[in-house]
Structure formats: structure tokens, C-alpha cells
Amino acid sequence: MRRLLRLFRRPSPPATPGSAWIDRLPLATPEERDEDAAAAREFARRLHGRLPSAPGISRRVQAVLHSARRRRVDELAEALRGLAPADAIRLAEAISARGGLDSEGLGSTASELLATAPTREPALAALALLSLSPLSARGPLLLRAALSALGAPLAARAAAALPDAGRWLSGIVEAAPDVGRALAIEEWVRALGPKLGAEEAAKLLRSAAEVSDPLDRAWAAVPLLEAVDVPALLEADPSLAEAVVLCLEANARGGWRGGPGPGLGRLPGSQRAAEALLEGSYAPAIRERTARAVLDAHPAPPTRLQRLAASTSEG
């Protein structure tokens, strides 16, 4: 897996007429990377904001079904024209609920479109459809798409449907840049949270902690701390405390502060994690940062946790 990632991280060639978007990854300039990250944040807000779907979804469903049966990449590209990535996910969900899908035909057609589309939007719309046609042989293509912050969560969603999902999801999280990594972790937890083993959960905590911006980190930290047994993980491996604190600090920025998620005051998993750190024998700096996250959180967590944090901060 690491060998594949090193290959995919080779310097991206300059855009040339007719070149595929996915072949220009990783993005070469800071401006391109900044725009990609901004698009990933907008994707996350749209996906979580319960905004109405794009018009014409029913018509698009029919067009995608026809293009899959006919193995026509041009027809699939036309069916997906102008579709934002968040709406492409809603389209995939509508197709899944409809039935009558030629899964093999869709997989081969969407893969070809992802591999050849000259611009990002049709490539990512095709990527969103690959969750409907899981095939492990497409794993390397998903890894390549994950080098884009916006491509990473879509690649993770497709990888979660694979028989060997954990292998590819791990590679996608490792490959994804910053906010893309947080969104890929969110997809992993969404799809497989109850099935996460202790080793996977610990790895995801450390990966989430590597996301630099707290508001970006929260996309991973909110679902992760709710899905895993943080006190048990800390008991087994106290070195996870730094990663847990970073996730708590991100979650404290949610809710009324305008960040992703409902805020630490409405997250029982985060509250249990904070209690474990405040009541455990951890370094004073770890306990102080935990206390500050609890006391700064809006909406406020339960009174007992506030008192525990206040006593830690005063001590």
C-alpha cells in the first residue's frame, strides 16, 4: 500500500489539452490545493446541510441506468453534466433505491469516465457512482482520486463498499490531504463504525489528530468519538491521550461557534472521553487542555463535567 502511495505522490504533470483530471493529481500549486480544500469544505456543508437535491434527479436516474446498460461513457457524462459532488451522492442513493441497475455496466462506465474526464466535476460525479459497483480491482483508482481533498470522501465512500474495505480505506486516509483526510475518516466511521476494531480506532484517532485546522478536524472527530469506546482505548494505550485531546478541542469548536457538528455539549461520546482524561493519571498539560475544551464548549456539557473541568483547571 505504501509503495502505491509513493507512486501516486509523484509530481503532477502540468495540465495539457485533453489530459484527465485524475492524472493531474496530486495538485501542483498552493492555489490549486487551497481551492480544492475550499471545495471539500463546501461539499461537506452541502452534504450535511440537508439542502434540496438538484433538479432533475429522476431524469438523471433514468439516463444513468440507460448509459450503464449500453456501456456508453458519453451518455453517462451527459447524465452527470453540471452535477455537484454532494448531489452526485444523492443521485447514487436514488439509483440504489430504484433497482434495475446493471451494476457491472455502471462500474466499468463510471470507472472509464473517472479515468478520462478532463475536469473535476464529471470525474467526481462518476466516482460517487462507484459505490454502487464495488470491485476491489478499482482500489488503485480510488487511491489516486483521494489525492484530492474533494475526491477523498467520495473515494472513501466507494471503498467502504468493497469486500476488503479496511485495506483501501486505510490507504485513502493516508493519501488524503488535510481536510480530505478528515472527511475520509468521517466516511469510514459512517460506513463501518460499529465494526471498527481497537487497532483501527486508535489509528483513526491519530490520523484525525494530524488534521491541522480544528474546524476541519471536527468532521472526523465528531463521529469518531461517538463511535468508539475512547475510555477503553485510553486504558489500553495511554499514549492516545494527545490525539483524544486534539479531537476534543475540535469538537468544542462546534455548535454555537459555527463549526461542524452539534458541539461537545451534545456529544456523549466526547463527554465520556473528557471524563476519562480528567479523571485519569495523565500529564497536567493534557488534563488542563481537556478542562479548557470542556469549559469553552458551547453548548455547555453537563454540570458534573463542567465542575470536574473547573476543579482540574483550578488545581
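This is a predicted model, so every value here is computed, not measured.
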Subject >> Results of side-chain hydrogen bond (donor to acceptor under 3.5 Å, both in side chains) for Arg33 - residues two or more places apart only >> reply: none

**OP:** Could you tell me which residues satisfy salt bridge (Lys or Arg N to Asp or Glu O under 4.0 Å) with Glu104, sequence neighbours excluded, listed by chain and number?
**Re:** none

Original post:
Can you list every side-chain hydrogen bond (donor to acceptor under 3.5 Å, both in side chains) pair that touches residues 56-66, not counting sequence neighbours?
Top reply: His66-Arg69

Original post:
Got a sec, which residues hit side-chain hydrogen bond (donor to acceptor under 3.5 Å, both in side chains) with Ser281, two or more places apart in sequence or on another chain?
Top reply: none

Subject >> Residues which pass side-chain hydrogen bond (donor to acceptor under 3.5 Å, both in side chains) with Glu242, listed by chain and number, not counting sequence neighbours >> reply: Arg289

Original post:
Nearest heavy-atom pair of Ala94 and Val61: which atoms, and what distance?
Top reply: CB-CG2, 3.9 Å

**OP:** Sequence neighbours left out, what passes ring pair (Phe, Tyr, Trp, His ring centres under 6.0 Å) with Trp188? Give chain and number order.
**Re:** none

Original post:
For Ala276, does its backbone N or O pair with a side-chain atom of Glu279 as donor and acceptor, under 3.5 Å?
Top reply: no

**OP:** Would you list the pairs meeting salt bridge (Lys or Arg N to Asp or Glu O under 4.0 Å) in which at least one residue belongs to residues 107-120, sequence neighbours left out?
**Re:** Glu35-Arg120, Asp36-Arg120

Subject >> Residues which pass salt bridge (Lys or Arg N to Asp or Glu O under 4.0 Å) with Arg307, listed by chain and number, not counting sequence neighbours >> reply: none

Subject >> Non-hydrogen atoms of Asp178 and Ser212 that approach each other most closely >> reply: OD2-OG, 2.8 Å

**OP:** Kindly write out the residues that satisfy side-chain hydrogen bond (donor to acceptor under 3.5 Å, both in side chains) with Glu226, not counting sequence neighbours, or none if the list is empty.
**Re:** none

Subject >> Residue list, salt bridge (Lys or Arg N to Asp or Glu O under 4.0 Å) with Asp102, at least two apart or on another chain >> reply: Arg71

Subject >> Nearest-0.5 Å distance that lies between atom CG in Leu225 and atom CG in Leu204 >> reply: 11.0 Å

Subject >> Sequence-distant partners of Asp74, salt bridge (Lys or Arg N to Asp or Glu O under 4.0 Å), two or more places apart >> reply: Arg72

Name the atoms and distances for all side-chain donor-acceptor pairs under 3.5 Å in residues 123-133, with sequence neighbours left out.
residue	atom	partner	partner atom	Å
Ser131	OG	Ala128	O	3.2
Ser133	OG	Ser103	O	2.8
Ser133	OG	Arg138	NH1	3.4

